[in-house]
> 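Take a look at this one; I'll ask things after.
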Amino acid sequence: MISNQVLQSTIDSIKGIARLDIAIADIDGKVLATTFVEDRDLSGMVVSFAESQADSQAAGGFQFFKIFDEHQLEFVLIAHGDTDDVYMVGKLAVLQVQTLLVAYREKFDKDNFVKNLLLDNLLLVDIYNRAKKLHIEVGVRRVVFLVESDETIDVQAQDALKEFFSSESNDFVTAVDEKNIIVVKELQPEDGYEEVQKIAASMLDMLSSEVMLSTRVAYGTIVNEIKEVSRSYKEAKMALEVGKIFFVDRKIVAYNALGIGRLIYQLPIPLCKMFIKEIFVDVSPDDFDEETLETISKFFENNLNVSETSRQLFIHRNTLVYRLDKLDRATGLDLRVFDDAITFQIALMVVKYMKYMEHLDF
């Protein structure tokens, strides 16, 4: 519903042009916006007029007009004066408010439509029918961003994002809860993931500099049909969660860059426990000290290159070989062998996933 602030701003602008005092009341006579200097109790007259069959009426030195929204009486406009000029200004004011009502109703309907679209609450036939009615293009490219913060995202942050995308009227911004905001972005035919990454980075920078809010952004894949928008949203949600497990240092996480982490995230915990027991028979991953974990991490970062890893760790090559041999004896996995390295890497990621899920349970 249109806010009282918008109604007040509207009649203020009308007074500025026409030099005419106007008030808008609900059908129960409560004044919602007014330019009258003195308080005037017109509630009885408003209620009486609202219950009448007339669309406009002059009484007691005022002109009363009914304002409808889709044939439903919403407001009563009161203009001070009973001349023909006052009547004409009043009629123009009614038209302006009705135009606002239409615009706000369409915006509300679009918001509702997109929210239900994201949540898969619409049948396929309803998606296309409602999109046509709301003048929403169905065959354009879109991507869904999910913005999350550890702090509460207030109205200021949401408004900042809306302003950020204000030049594109077909974009959609809404709050999921107090810490998450969804952005459905319409893309140009030539836009690819490089452009999407730039948009995500710009959002991060804007929220950090203008709202002083630290956030993370995840996004799904680019979709070509409106019916696929919910899939991009689900992908963004998964990217955000997977990023918290395997890419904790990243502020931007793309679904199509999750790699094997995406598969591990969908594994049932009992299967994960069984896998870890089979890989680490005589040793637990929790038994590895910091030195061992750092060695493993650097070895993987350098694509199993012994010379480069030892150089970055500032140790002798033979020292690194000794550490790898020690790990081989403890686990039965030689990280210099590609298959063993892949198995070990997956096992460590599975352990991270299990710990994360255990943390969520508490």
> Side chains of S214 and K251: any donor to acceptor distance under 3.5 Å?
yes

> Taking all non-hydrogen atoms of both residues into account, name the closest pair between A218 and A236 and its distance.
CB-O, 3.4 Å

> Check D126 with K133, please: is the shortest side-chain N to carboxylate O separation under 4.0 Å?
no

> Look at R336 together with D334 and state whether they make a salt bridge at an N to O cut-off of under 4.0 Å.
yes

> Would a distance-only check, ignoring hydrogens and angles, find a side-chain to backbone donor-acceptor pair under 3.5 Å from D28 to K30?
no

> Using ring centroids (six-membered ring only for Trp), state whether Y233 and Y255 fall under 6.0 Å.
no

> Please say whether the positively charged group of R250, taken as NZ for Lys or CZ for Arg, lies over the ring of F247, i.e. under 6.0 angstrom from the six-membered ring centre and within 45 degrees of the axis.
yes

> Under 4.0 Å between a Lys/Arg side-chain N and an Asp/Glu carboxylate O for K298 and E294?
no

> Could you check whether atom CD of E290 has more than 12 heavy atoms from other residues, nucleotides or ligands sitting under 6.0 Å from it?
no

> Please report the closest heavy-atom contact between R262 and V242, naming both atoms and the distance.
N-CG1, 4.3 Å

> Would you tell me whether N256 and T221 have side-chain atoms, one donor and one acceptor, within less than 3.5 Å of each other?
no

> Is there a side-chain contact between V6 and L100 (heavy atoms, below 4.5 Å)?
yes

> Do the non-hydrogen side-chain atoms of L327 and I296 ever get within less than 4.5 Å of each other?
yes

> When clusters are formed by joining ILVMFWY residues with side-chain heavy atoms under 4.5 Å apart, either directly or through shared neighbours, do I346 and F338 land in the same one?
yes

> Mind listing the closest non-hydrogen atom pair of V46 and A25 along with its distance?
CG1-CB, 4.2 Å

> Just do the side-chain contact (heavy atoms from CB on, under 4.5 Å) check on I14 and V89 with the steps written out, would you?
CA-CA 8 Å; I14 293 171; V89 172; 4.2 Å; yes

> Charged N to carboxylate O under 4.0 angstrom, R141 versus D191?
no

> Are D340 and T343 linked by a side-chain donor-acceptor pair shorter than 3.5 Å?
no

> Judged by modelled atom types alone, do Q8 and N4 share a side-chain donor-acceptor pair under 3.5 Å?
no

> Within the 4.5 Å heavy-atom criterion, are K132 and Y128 side-chain neighbours or not?
no

> Drop me the distance from D85's CG to L20's CG, to the nearest 0.5 angstrom.
9.5 Å

> How long is the straight-line distance from OG1 of T309 back to CG of N302, given to the nearest 0.5 Å?
4.0 Å

> Would F49 and F65 satisfy ring pair (Phe, Tyr, Trp, His ring centres under 6.0 Å), going step by step from the backbone distance to the final call?
CA-CA 9 Å; F49 169 64; F65 304 87; 8.0 Å; no

> Show the nearest heavy-atom pair for residues A33 and I11, with the distance to one decimal.
C-CD1, 3.5 Å

> Establish, from distance only, whether the side-chain atoms of D41 and S43 form a donor-acceptor pair under 3.5 Å.
yes

> How about L271 and P268: do any of their side-chain heavy atoms sit closer than 4.5 Å?
yes

> Is V350 linked to I245 within one hydrophobic cluster, defined over Ile, Leu, Val, Met, Phe, Trp and Tyr using a side-chain heavy-atom separation of less than 4.5 Å?
yes

> Please say whether the positively charged group of K244, taken as NZ for Lys or CZ for Arg, lies over the ring of Y356, i.e. under 6.0 angstrom from the six-membered ring centre and within 45 degrees of the axis.
no

> I'd like to know if the side chain of Q72 and the backbone of F68 have a donor-acceptor N/O pair within less than 3.5 Å.
no

> A side-chain contact here means heavy atoms from C-beta on lying under 4.5 Å apart; do M357 and C272 qualify?
no

> Is there a side-chain contact between E308 and Q312 in this structure, where contact means two heavy atoms from C-beta onward sitting under 4.5 Å apart?
yes

> Can you classify the ring geometry of F280 versus F288 as parallel (below 30°), tilted (30 to 60°) or perpendicular (above 60°)?
perpendicular

> Heavy atoms only: give me the nearest L73-K66 pair and the separation to one decimal.
CD1-CB, 3.6 Å

> Does Y193, at its OH atom, have more than 12 non-hydrogen atoms belonging to other residues, nucleotides or ligands within less than 6.0 Å?
yes

> Rounded at 0.5 Å granularity, tell me how far CZ in R130 sits from CG in L123.
11.0 Å

> Just checking, any donor-acceptor pair under 3.5 angstrom between side chains of S307 and R317?
yes

> Looking only at the aromatic ring of each residue, does the gap between the centers of F172 and F165 stay below 6.0 angstrom?
no

> Hey, could you give me the CG/CG distance between N305 and L320, rounded to the nearest 0.5 Å?
9.5 Å

> Might you work through the side-chain contact (heavy atoms from CB on, under 4.5 Å) test for E235 and S230, ending with a clear yes or no?
CA-CA 9 Å; E235 291 169 347; S230 64; over 6 Å; no

> Hey, is R142 close enough to E225 for a salt bridge, meaning N to O under 4.0 Å?
no

> Cut-off 3.5 Å, no hydrogens considered: what does the side-chain donor-acceptor table look like for residues 194-206, sequence neighbours left out?
{"residue": "Q197", "atom": "OE1", "partner": "Y219", "partner atom": "OH", "Å": "2.7"}
{"residue": "S202", "atom": "OG", "partner": "K198", "partner atom": "O", "Å": "2.9"}

> Does the side-chain contact (heavy atoms from CB on, under 4.5 Å) test come out yes or no for V114 and V184, once each step is laid out?
CA-CA 9 Å; V114 176; V184 181; 4.1 Å; yes

> Per the side chain to side chain contact (heavy atoms under 4.5 Å, CB included) rule, which among L118, I136, N121 passes with F113?
I136

> Around atom CG of D84, are there more than 12 heavy atoms of other residues, nucleotides or ligands at under 6.0 Å?
no

> Is it true that D171 and K162 have a side-chain N and a carboxylate O under 4.0 angstrom from each other?
no

> Look only at the side chain of S48 and the backbone of G44, and say whether a donor-acceptor pair between them is shorter than 3.5 Å.
no

> For the pair F62 and F36, name the ring-plane relationship: parallel under 30°, tilted 30 to 60°, perpendicular over 60°.
tilted

> Distance alone, cut at 3.5 Å: any donor-acceptor contact between the side chains of E137 and N170?
no

> Step by step, work out the side-chain contact (heavy atoms from CB on, under 4.5 Å) result for I24 and I78.
CA-CA 6 Å; I24 296 178; I78 310 154; over 6 Å; no

> Which distance, rounded to the nearest 0.5 Å, do you find between the OG1 of T174 and the CD1 of I181?
8.5 Å

> Considering all heavy atoms of both residues, which atom of V143 and which atom of G220 are nearest to each other, and what is their separation?
CG2-O, 3.4 Å

> Would you call K179 and E148 a salt bridge, using N to O less than 4.0 angstrom?
no

> Look up atom CZ in R231 and atom CG in D120, then write down how far apart they are to the nearest 0.5 Å.
11.5 Å

